[in-house]
S.K.: 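Would you mind keeping the following structure in view while I ask a few things?
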Amino acid sequence: MTSLFDNLPLTGALAADTATAHSAVTADGARLPGLVPPREDAQPEPVRGGRGRDAEALLEGLNPHQRAAVVHSGPPLLIIAGAGSGKTRVLTHRIAYLLATRRARPGEILAITFTNKAAAEMRERVEALVGPPARAMWVSTFHSACVRILRREHAVLGLRSSFSIYDAADSLRLMTLVCRELGLDPKRYPPKAFIHRVSDLKNELVDPDAFAAGVGGSNPYEENLAEAYRMYAQRLRQANALDFDDLIMTTVNLLQAFPAVAEHYRRRFRHVLVDEYQDTNHAQYVLVRELAGVATQAYDDGGDSDLDRGPAPVLPAELTVVGDADQSIYAFRGATIRNILEFEADYPDATTILLEQNYRSTQNILSAANAVIARNPDRKAKNLWTAAGAGPKIIGYVADSDHEEARFVAEEIDRLGDASGVRPGDVAVFYRTNAQSRALEEVLIRAGIPYKVVGGTRFYERREVKDAIAYLRAIANPDDAVNVRRILNVPKRGLGERSEAVIAAYAERERISFGAALEAAADVPGLATRALGIVTEFARLLADLRAMAAGGATPAEVLDSALDRSGYLAELRASDDPQDATRVENLAELHAVAAEFSEADPDGDLGDFLERVALVADTDQLPDDDASGGVVTLMTVHTAKGLEFPVVFVTGLEDGTFPHARSLADPAELSEERRLAYVALTRARERLYISRAAVRTAFGVPHELPASRFLDDIPDELLDWRRAESSMQQLRGSWGSGGVGSGRVRSGATGGTGPRTAPSQATGATFGSATPRADVPSLDVGDRVTHDAYGLGTVVALEGAGSSQVAKIDFGTDGVKRLLLRYSPVTKL
DNA sequence: CTCGGGGGCCTTTTT
DNA sequence: GGCCCCCGAG
């Protein structure tokens, strides 16, 4: 699966716009997801042995445990697959084996993966093994599978098939509208917090009524939340829209409320396979049970339907789940590790197979990862081993600043290329938070190393792309209030908040959708004549575009027309803001994506296109292997899950960065950070680098951060410190022992305090919450000082006093800096 | 109604 | 350092 954009060069914006490196990189078309239309169920074709293989050949080269997992038959199967243990191979071979032995027809297989990218890969690999008939399989994410089911069964639920799917930003916007309407103070009741709670509730399958019933009368916060949840759900329904959590929850509701529907899918999917089971949430857990037909309770459909044909019992499907509790890193979005830990309790006759041999990494890398994860309490013991050799030691580096850290990474990539023939495409750089990519990008650009950022500000989250999509959504689904309102005055037509409010109020009163109210603008009281004219014209624009879409125009054509006739494109073109030029490019790329979609699937209509756009994340556009040497991949550790690279840099190993400051207080969250570190380390095949910065700039303010506690857990003998101390530490050390500047470089073998910073008052400090240093140094002009990043300097001027005092300090070659003393790592000499 | 400037807040991580 | 919201002026 290649995208049209795969080989586009970086645009000029990348070089020109370093100040907004995130957006600039996004302008690189190579990051666009290639949209490939869904493969609708094909007629089951007989499975041939594909390439002449017979079933037995599928077992070649597998170890006994893997083999057992592939051939297993009957009771539910739990595969505990350690990092790098070949679980993807096992899963694909298992599916191929089921097909080759005719235990399953392709149409009977439902395989759930974590990302669309993983789904596409799995499909390709199975097809490579057994041939193209495999296309009748359903291989997709939970969300895509649910959308397919919901689109088929929409009528049962009273949904129109054109329903919109709201992403996180859409949902937040809707919640914001709801909270405003309820008159809630956004300070005390932030919509963001509400939407998060609502998401949790939906993951727990708690509907607004049930939640309201459980809220006592004494807690205003919870009461307001209950009210907001109710109205939010109602608004979604009115808009004929589902948010991301609804996709799962509604599907579960569908299966539970309509036994005939459930039975249909149970008859169909005789084999259900779920990858990354440790990251499923409760709703997904229930969904799996429903689909696999292992229900334990009798369902009541209210006795109303003729759908209920008195189901004959359907035998449960064969259920296979694969996962690794040590790699559970999505608790923050509702994933519950219990699902995998309790699998044997949930399915008493389950078989469990452990895959503990690692085929990915060298022993040094594995030992380090094992040492880190071993410190997690309440963990089922598991020890990965490898037959590969020890490999090179892990290389550590302590930089003075985040910028210096980036410089080390860039230099090392360069050096590896010269010395060991490592190609950029072999290298990945990981970090805990997206914001950390900035320093890395700046340095890599300057060093001329080609790179790609995966994640971060996504293409589909860019304002102009969202605007364009909003037009398409508004066209496809007239009731989609959020999106109609988004574009009501975009581009500026002279319709303000007041007009919008009047129309919204009218819609509310007449119990019609916002879109319908636009059509009836003439009847809306209080709408100024001028506004009426504008609204009428806008309504006509939408109506024309809808007619166009209904008349069989392709999504690309509709998009074209919408951007043109709305004047959106003209406004961008007329602007002299260089950012707007990038926006035009992005829209051109969106157009190309739409065109490609139609090319691949001539029957795909606007709704199909929007469905793809809603569900395809940018992370699905991970770098493909390519022969040209590829590019360095930058991404968060979360995004790195499931991937592997010959060379891996894990950066920002500081307490407060990784583990993240927000997790330090909570043991459960700290455990998740540790699992995250485990995931990071185990991505490396041959070479692993770990680094930290003594001073990291967050929110424009430098902070001194101690070494990550995870560094302490890695045995010394696995590590080769290229630089074990910051300049500051070297300086401090030299005061004690004499001998200026002879810092402990490459001193990994010495025992003593090791690489970790001597604990300072900064330990556990949360950056970002304005935590000033307690000891603001009192300085005078002429004082000699030392700064963690800039080194020695002389105070040349002072402004203000006390906690707001700013000093101008001359650092010689580093120049004169203005520093807010309260936040600066400055020490008086 | 739009635009520009100032202030407050922010950052986990994402299907 | 950057984004978003609010406010006041045109």
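Everything numeric in this text was worked out from a predicted model, so none of it was measured. Residue numbering restarts at 1 for every chain, and letters A, B, ... go by the order of the sequence lines. FYI, side chains are in, hydrogens and waters are out, and symmetry mates aren't considered; it's all heavy atoms of this structure.
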S.K.: Tabulate atom names and distances for all N/O pairs under 3.5 angstrom spanning the protein and nucleotides 1-7 of chain B.
M.R.:
from, atom 1, to, atom 2, distance (Å)
dC1(B), OP1, Gly496(A), N, 2.2
dT2(B), OP1, Asn489(A), ND2, 3.1

S.K.: Is there a side-chain contact between Asn434(A) and the phosphate of dT13(B), meaning an N or O under 4.0 Å from OP1 or OP2?
M.R.: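 So the side chain of Asn434(A) is within the cut-off, an N or O lying under 4.0 Å from OP1 or OP2 of dT13(B).
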S.K.: Could I get the full list of ring-ring contact (aromatic ring centres under 6.0 Å, His included) partners for Phe163(A), not counting sequence neighbours?
M.R.: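 With neighbours one apart ignored, the set is empty.
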S.K.: Encode nucleotides 4-10 of chain C as B, S and - characters from 5' to 3', where the letter depends on protein heavy atoms closer than 4.0 Å: B to the base, S only to sugar-phosphate, - to neither.
M.R.: -------
S.K.: For His196(A), give me all partners under ring-ring contact (aromatic ring centres under 6.0 Å, His included), at least two apart in sequence or on another chain.
M.R.: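 For His196(A), no residue satisfies ring-ring contact (aromatic ring centres under 6.0 Å, His included) once neighbours in sequence are set aside.
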S.K.: Give one of base, sugar-phosphate or nothing for Glu276(A), where a contact means two heavy atoms less than 4.0 Å apart.
M.R.: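 The answer is nothing, as Glu276(A) stays clear of every strand by at least 4.0 Å.
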S.K.: Can you tell me how far C1' in dC4(C) sits from the matching atom in dT13(B), rounded to whole Å?
M.R.: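 22 Å, rounded to whole Å.
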S.K.: With Phe194(A), which residues qualify under ring-ring contact (aromatic ring centres under 6.0 Å, His included), at least two apart?
M.R.: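 Applying ring-ring contact (aromatic ring centres under 6.0 Å, His included) to Phe194(A) gives Tyr221(A).
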S.K.: List the residues meeting side chain to side chain donor-acceptor pair (under 3.5 Å) with Glu571(A), not counting sequence neighbours, and say none if there are none.
M.R.: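 By the side chain to side chain donor-acceptor pair (under 3.5 Å) rule, Glu571(A) matches no residue at all.
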S.K.: Between atom CZ in Arg438(A) and atom C1' in dC3(C), what is the gap in whole Å?
M.R.: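 That distance rounds to 12 Å.
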S.K.: Are any of Thr697(A)'s side-chain N or O atoms less than 4.0 Å away from OP1 or OP2 of dG1(C)?
M.R.: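 It does not, given that no N or O in the side chain of Thr697(A) lies less than 4.0 Å from OP1 or OP2 of dG1(C).
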S.K.: Considering every strand and a 4.0 Å limit on heavy-atom distances, what is the contact class for Lys641(A): base, sugar-phosphate, or nothing?
M.R.: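 Nothing, no nucleic acid heavy atom in range.
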S.K.: In whole Å, what is the span from the CZ atom of Phe244(A) to the P atom of dT13(B)?
M.R.: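 Answer to the nearest Å: 17 Å.
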S.K.: Under 3.5 Å, side-chain donor or acceptor atoms of residues 529-537 of chain A against the rest of the protein: list the pairs with distances, not counting sequence neighbours.
M.R.:
from, atom 1, to, atom 2, distance (Å)
Arg530(A), NH2, Gly494(A), O, 3.3
Thr536(A), OG1, Leu532(A), O, 2.6

S.K.: Taking only residues two or more places apart in sequence or in another chain, which ones pass salt bridge (charged side-chain N to carboxylate O under 4.0 Å, His left out) with Arg151(A)?
M.R.: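 Only Asp608(A), Glu611(A) meet the salt bridge (charged side-chain N to carboxylate O under 4.0 Å, His left out) criterion with Arg151(A).
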S.K.: In terms of relative ring orientation, are His143(A) and Phe244(A) parallel, tilted or perpendicular, with 30° and 60° separating the classes?
M.R.: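 Aromatic pair His143(A)/Phe244(A) classed tilted.
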S.K.: How many Å lie between CE on Met249(A) and C1' on dT15(B), as a whole number?
M.R.: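 Taking CE of Met249(A) and C1' of dT15(B), I get 16 Å after rounding.
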S.K.: Using whole Å, what does the distance between atom C1' of nucleotide dT15(B) and atom CZ of Arg612(A) come to?
M.R.: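 Roughly 14 Å, once rounded to whole Å.
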S.K.: With the criterion set at under 5.5 Å between ring centres and under 30 degrees between planes, would dT15(B) be stacked on Tyr330(A)?
M.R.: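 The ring of Tyr330(A) is not stacked on dT15(B).
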S.K.: If the condition is ring-ring contact (aromatic ring centres under 6.0 Å, His included), which residues does Phe114(A) pass it with, not counting sequence neighbours?
M.R.: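 With sequence neighbours excluded, Phe114(A) shows a ring-ring contact (aromatic ring centres under 6.0 Å, His included) to Tyr330(A), given in chain and number order.
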S.K.: Starting at atom CZ of Arg173(A), determine the distance to atom C1' of dC3(C), rounded to an integer number of angstrom.
M.R.: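 About 14 Å, once rounded to whole Å.
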